[in-house]
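First the proteins, then the strands, lettered A, B, ... as listed; each starts at 1.
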Amino acid sequence: MAWLRVVEAMKAPVGTDVTIRGWVRTRRDSKAEGGLSFVHVHDGSCFDPIQVVAKGDLPNYASEVTRITTHCAVEASGTIVQNPKGGNEIAAREVKVLGWVEDPDHYPIQPKPHSFEFLREQAHLRVRTNTFGAVARVRHTLSMAIHRFFHERGFVWVHTPIVTASDCEGAGQMFRVSTLDAVNPPRVKPEGAKEAPAGAPIDFSQDFFGKEAHLTVSGQLNVETYCAALTNVYTFGPTFRAENSNTSRHLAEFWMIEPEIAFATLAEDAQLAEDFIKYLIAAVLSERADDMKFFDERIEKGLLARLKHVLEAPFRRLPYTEAIRILEEAITKGRKFEYPVKWGTDLQSEHERYLTEEHFKQPVILMNYPKQIKAFYMRLNDPGTDGAPGDTVAAMDVLVPGVGEIIGGSQREERLEVLDRRLDEMGLPKKEYWWYRDLRRFGSVPHAGFGLGFERAMMFITGMQNVRDVIPFPRTPKSAEF
RNA sequence: UCCCUGAUAGCUCAAUGGUAGAGCGACCGGCUGUUAACCGGUAGGUUCCAGGUUCGAGUCCUGGUCGGGGAGCCA
């Protein structure tokens with residue numbers, strides 16, 4: 001008898017002989033017809049469990065079937081029949097218990113609502129619940145859609161390194177990677193001295209890589225090198241930030257997607273970002289309609305309407321300078337903000353939300369920011385772009401209703417002399433960027449890219465409120481239990 | 001890191017400084033092609049940790065640990 005996944009058994013013709021395997025959600029008993037039990041079994045292949053109907057004449061009915069509790073592992077064989085209220089169920093000929101749940105009184109997961117905070121402490125078991133099963137499937141579907149989007153467009157997936165020995169990837173505290181004795185590390189000895197004096201600098205030349213090494217905070221600088229040969233490339237991998245951030249939107253370990261396109265300007269970068277987001281939404285809506293219906297009903301009311309709106313609305317291109325003007329106008333009309341609006345300063349999230357949720361009511365791509373609030377590698381615009389009162393760079397942020405910033409990107413500075421001036425202005429050592437600068441010396445072309453935080457995209461698409469609940473085993477300050 | 005807030009049964013929560021309780025879940029029984037099932041009963045406690053005040057602390061005080069919300073940083 002064929003073993004079918006639950007999703008297949010649900011669609012099998014009435015009369016088919018099947019075996020299913022999985023974990024029990026709930027069991028209900030009836031004394032009618034000489035005793036029968038309704039056992040709901042799920043195996044992760046779809047949102048709904050399948051109902052197994054076990055009758056009292058099964059040899060192990062009293063001894064085992066009626067003792068089944070939530071999350072026992074079972075194998076059930078029988079015939080597909082029509083449920084009186086619609087849908088397939090299995091009239092069981094045999095129900096085997098493959099794994100009991102010991103001490104069900106103290107089993108943490110019960111057939112009842114649990115708080116996400118509690119389930120985070122049971123990360124090894126929470127994936128057996130409705131919500132986290134749905135999150136896992138959507139996360140997989142989103143990952144596949146990301147690769148498919150780029151693959152269909154001729155992009156090459158580049159595996160940028162996890163360990164980096166350059167300490168110049170930009171802002172953000174990094175995790176150190178070292179094999180040195182942390183308690184008693186080797187220290188630099190002065191010329192001719194036998195012993196290093198107390199408090200001397202640590203001698204990283206003796207470390208594994210011969211220099212200080214860290215976990216990556218971004219693959220962008222590396223991926224730019226492949227962009228300058230393969231034209232269209234992207235990274236999709238883990239990223240690490242040792243910031244002491246305790247919020248519902250930050251992780252110490254998260255996944256990031258960073259496409260990089262050659263022979264392209266900011267306008268093409270923005271178009272790519274819009275096409276990308278719409279592709280992802282469409283893919284998840286069509287491939288995981290069951291899970292998305294659950295998120296819409298139980299996690300965020302109106303989620304599907306919000307996503308469909310993003311799918312249909314064109315993304316509004318808006319120069320930063322124009323955004324400031326709109327915000328100042330709103331203030332003169334009486335709109336109150338906690339933080340002031342001033343050209344040259346970064347927009348607060350309340351400003352971003354006003355623009356995308358109240359003023360335009362559609363996704364907004366903010367472009368051309370003041371150079372002083374952006375990174376060194378962003379391309380310097382011509383003076384007077386958008387009528388700006390100061391220098392701007394070709395940066396863009398994609399803002400969406402309900403979540404705010406979801407993508408940050410830019411056209412990169414391809415002119416060596418301008419890049420060098422920016423490095424000098426920001427006090428960054430040119431020597432450390434020697435290979436990045438080489439790209440501007442040997443066949444430099446205009447290019448652009450952006451970064452999308454994968455878990456933030458998950459929050460945007462599922463409506464889940466805490467980033468710790470859209471990754472299997474979240475790493476945050478003071479927390480790496482699993 | 002800062003501000004606010006919390007930690008009591010497997011879970012969600014109550015308990016004026018004076019015998020630690022309920023609902024759900026688990027277990028037992030009743031009823032029922034059940035599906036958030038329903039009805040009755042039973043069991044279940046290091047009140048986060050370490051000190052302190054008090055005749056007496058779940059409750060008050062001090063310190064810590066961890067959780068949640070917000071802010072900053074950002075993706």
Side-chain angles (χ1 to χ4, degrees), chain A residues 25-41 48-56 66-71 81-87 89 91 101-122 125 129-130 170-173 216-220 235 238-258 298 338-339 346 348-350 352 373-375 397-398 403-409 450-460 465-471 476-479 481:
Chain A
R25 279 251 161 81
T26 57
R27 189 201 90 231
R28 279 175 301 278
D29 303 321
S30 171
K31 288 282 158 51
E33 304 175 35
L36 70 169
S37 291
F38 304 93
V39 185
H40 284 191
V41 181
D48 288 318
I50 194 163
Q51 176 159 283
V52 174
V53 183
K55 298 219 163 156
T66 59
R67 290 175 47 227
I68 286 171
T69 57
T70 298
H71 292 174
V81 297
Q82 181 83 25
N83 182 290
K85 291 183 182 166
E89 65 181 26
V101 167
E102 62 174 53
D103 193 11
D105 184 23
H106 288 82
Y107 182 64
I109 314 292
Q110 306 287 353
K112 54 169 287 189
H114 288 293
S115 68
F116 290 147
E117 292 82 6
F118 167 71
L119 289 172
R120 253 169 243 152
E121 297 169 2
Q122 309 291 336
L125 301 173
T129 65
N130 284 334
Q173 287 293 108
T216 183
V217 295
S218 165
Q220 184 201 315
T235 72
T239 307
F240 306 87
R241 305 273 167 92
E243 299 285 357
N244 192 11
S245 295
N246 296 289
T247 80
S248 58
R249 304 177 307 285
H250 289 84
L251 292 166
E253 177 185 275
F254 62 100
W255 288 59
M256 192 153 64
I257 299 102
E258 296 173 289
R298 294 298 180 88
E338 190 180 344
Y339 290 89
D346 218 348
Q348 298 294 318
S349 63
E350 59 172 344
E352 296 179 343
I373 59 172
K374 290 294 180 180
D397 283 350
V398 180
V403 172
E405 180 185 338
I406 191 164
I407 277 179
F450 63 78
L452 170 72
F454 184 60
E455 284 73 22
R456 293 210 177 152
M458 280 290 296
M459 295 169 75
F460 169 63
Q465 293 288 299
N466 196 307
V467 73
R468 300 176 183 95
D469 298 326
V470 296
I471 189 168
T476 54
K478 311 284 187 202
S479 176
E481 174 69 18

**Study point:** Check: A/Arg249 side chain, A/Asn466 main-chain N or O, donor-acceptor pair, under 3.5 Å
**Key:** no
- Electrostatic pair A/Asp397:A/Lys374 at N-O distance under 4.0 angstrom: yes
Does any donor atom in the side chain of A/Thr239 or A/Glu253 lie under 3.5 Å from an acceptor atom in the other side chain?
no
To the nearest 0.5 Å, atom CG of A/Leu251 lies from atom CD of A/Glu455 at 5.5 Å
Determine the contact category for A/Thr70: base if any of its heavy atoms lies under 4.0 Å from a base atom, sugar-phosphate if only primed atoms, P, OP1 or OP2 are that close, otherwise nothing. nothing
For A/Glu258 and A/Gly451, the nearest pair of non-hydrogen atoms, with its separation, is CG-CA, 4.1 Å
ask   = When rounded to the nearest Å, what value does the distance between P atoms of B/G6 and B/G44 take?
value = 31 Å
Checklist line | Within 6.0 angstrom of A/Gln348 CD, more than 12 heavy atoms from elsewhere | finding: yes
Here the distance between atom C1' of B/G68 and atom CG of A/Asn466, to the nearest Å, is 9 Å
**Asked** Side-chain N or O of A/Arg28 less than 4.0 angstrom from OP1 or OP2 on B/U35?
**Response** no
When you measure only distances, ignoring hydrogens and angles, does the side chain of A/Ser245 come within 3.5 Å of the base of B/C73 through a donor and an acceptor?
yes
On a heavy-atom basis, the closest approach of A/Pro477 and A/Glu243 is CG-O, 4.1 Å
From the candidates B/C73, B/C74, B/G72, the one with an atom nearest any side-chain atom of A/Glu243 is B/C73
Closest to the 5' end of RNA chain B, once A/Arg468 and A/Gly451 are matched to their nearest nucleotides, is A/Arg468
message: Between B/C49 and B/A7, how many Å separate the two P atoms, rounded to a whole number?
response: 13 Å
Heteroatom pairs (N/O) under 3.5 angstrom, protein to nucleotides 40-49 of chain B:
none

Whole-Å distance, A/Arg241 CZ to B/C73 C1', equals 10 Å
Integer angstrom distance from the C1' of B/U54 to that of B/C61 | 12 Å
Between NZ of A/Lys478 and P of B/U65 the distance, given in whole Å, is 7 Å
Minimal heavy-atom distance between A/His71 and A/Ile109, with the atoms involved, is CE1-CG2, 3.6 Å
* Can you tell me, in whole Å, how much space there is between the C1' of B/C24 and that of B/U53? => 39 Å
One should read off an interatomic distance between A/Lys112 NZ and A/Thr26 OG1, to the nearest 0.5 angstrom, of 15.5 Å
So CD of A/Glu89 and CD of A/Gln51: to nearest 0.5 Å the spacing works out to 5.0 Å
Separation of B/U65 atom P from A/Glu481 atom CD, nearest Å, is 17 Å
Touch check for A/Leu251, heavy atoms < 4.0 angstrom, all strands: base, sugar-phosphate only, or nothing?
base
The nucleotide from B/U35, B/G25, B/C74 with an atom nearest the side chain of A/Pro111 is B/G25
Correct closest heavy-atom pair for A/Thr70 and A/Pro111 would be OG1-CD, 3.4 Å
Under 3.5 Å between N/O atoms: give me all the protein pairs with nucleotides 11-14 of chain B, atom names plus distance.
from, atom 1, to, atom 2, distance (Å)
B/C11, O2', A/His114, ND1, 3.3
B/C11, O2, A/Lys112, NZ, 2.6
B/U12, OP1, A/Ser115, OG, 3.1

Tabulated below should be each protein N or O lying under 3.5 Å from an N or O of nucleotides 29-33 of chain B; please produce it.
from, atom 1, to, atom 2, distance (Å)
B/G30, OP2, A/Lys31, NZ, 3.4
B/U32, N3, A/Asp29, O, 3.0
B/U32, O4, A/Asp29, O, 3.1
B/U32, O4, A/Ser30, N, 3.4
B/U32, O4, A/Lys31, N, 2.8
B/G33, N7, A/Glu33, OE2, 3.2
B/G33, N1, A/Glu89, OE2, 2.6
B/G33, N2, A/Gln51, NE2, 2.9
B/G33, N2, A/Asn83, ND2, 3.4
B/G33, N2, A/Glu89, OE1, 2.5
B/G33, N2, A/Glu89, OE2, 2.9

Notebook entry, point to check: Quantified in whole Å, what is the C1' atom distance between nucleotide B/C60 and nucleotide B/U1?
Noted result: 30 Å
Side-chain donor-acceptor distances from residues 29-38 of chain A under 3.5 Å, at least two apart:
from, atom 1, to, atom 2, distance (Å)
A/Asp29, OD1, A/Arg27, NE, 2.9
A/Asp29, OD1, A/Ser37, OG, 2.6
A/Asp29, OD2, A/Arg27, NE, 3.3
A/Asp29, OD2, A/Arg27, NH2, 2.5
A/Ser30, OG, A/Ala32, N, 3.1
A/Glu33, OE1, A/Lys55, NZ, 3.2
A/Ser37, OG, A/Tyr61, OH, 2.9

A correct dot-bracket answer for RNA chain B, with pairs being Watson-Crick or G-U at under 3.5 Å, [ ] for crossing pairs and | for inter-strand pairs, is (((((((..((((....[..)))).(((((.......))))).....(((((..]....))))))))))))....
Checklist line | Side-chain donor/acceptor of A/His114 to backbone N/O of A/Gln110, under 3.5 Å | finding: yes
Heavy atoms only, 4.0 Å cut-off, all strands: where does A/Tyr339 land among base, sugar-phosphate and nothing?
sugar-phosphate
- Would you check, one step at a time, whether the test side chain to side chain contact (heavy atoms under 4.5 Å, CB included) holds for A/Met459 with A/Val467? CA-CA 7 Å; A/Met459 295 169 75; A/Val467 73; 3.7 Å; yes
Rounded to whole Å, the CG-C1' distance (A/Leu452 to B/C74) equals 14 Å
Distance col, row A/Met256:CE vs A/Phe454:CZ, nearest 0.5 angstrom, shows 13.5 Å
A/Glu121 atom CD is separated from B/G10 atom P, nearest whole Å, by 14 Å
Separation of B/A71 atom P from A/Asp346 atom CG, nearest Å, is 15 Å
Between B/U5 and B/C74, how many Å separate the two C1' atoms, rounded to a whole number?
25 Å
Q. Side-chain contact, heavy-atom cut-off 4.5 Å: A/Glu352 with A/Glu405?
A. yes
### Message
Base, sugar-phosphate or nothing for A/Arg120? Non-hydrogen atoms, less than 4.0 Å.
### Response
sugar-phosphate
Treating A/Ser218 as the side-chain partner and A/Gln220 as the backbone partner, does any N or O pair qualify as donor plus acceptor under 3.5 Å? yes
Check your understanding: When rounded to the nearest Å, what value does the distance between P atoms of B/U59 and B/U8 take?
Key -> 13 Å
What pairs of nitrogen or oxygen atoms, one from the protein and one from nucleotides 2-6 of chain B, lie under 3.5 Å apart?
none

A/Arg27 atom CZ is separated from B/G25 atom P, nearest whole Å, by 13 Å
Exercise. When the C1' atoms of B/A36 and B/G25 are considered, how many whole Å apart are they?
Worked result: 13 Å
Separation between CZ (A/Arg120) and CZ (A/Arg468), nearest 0.5 Å, reads 6.0 Å
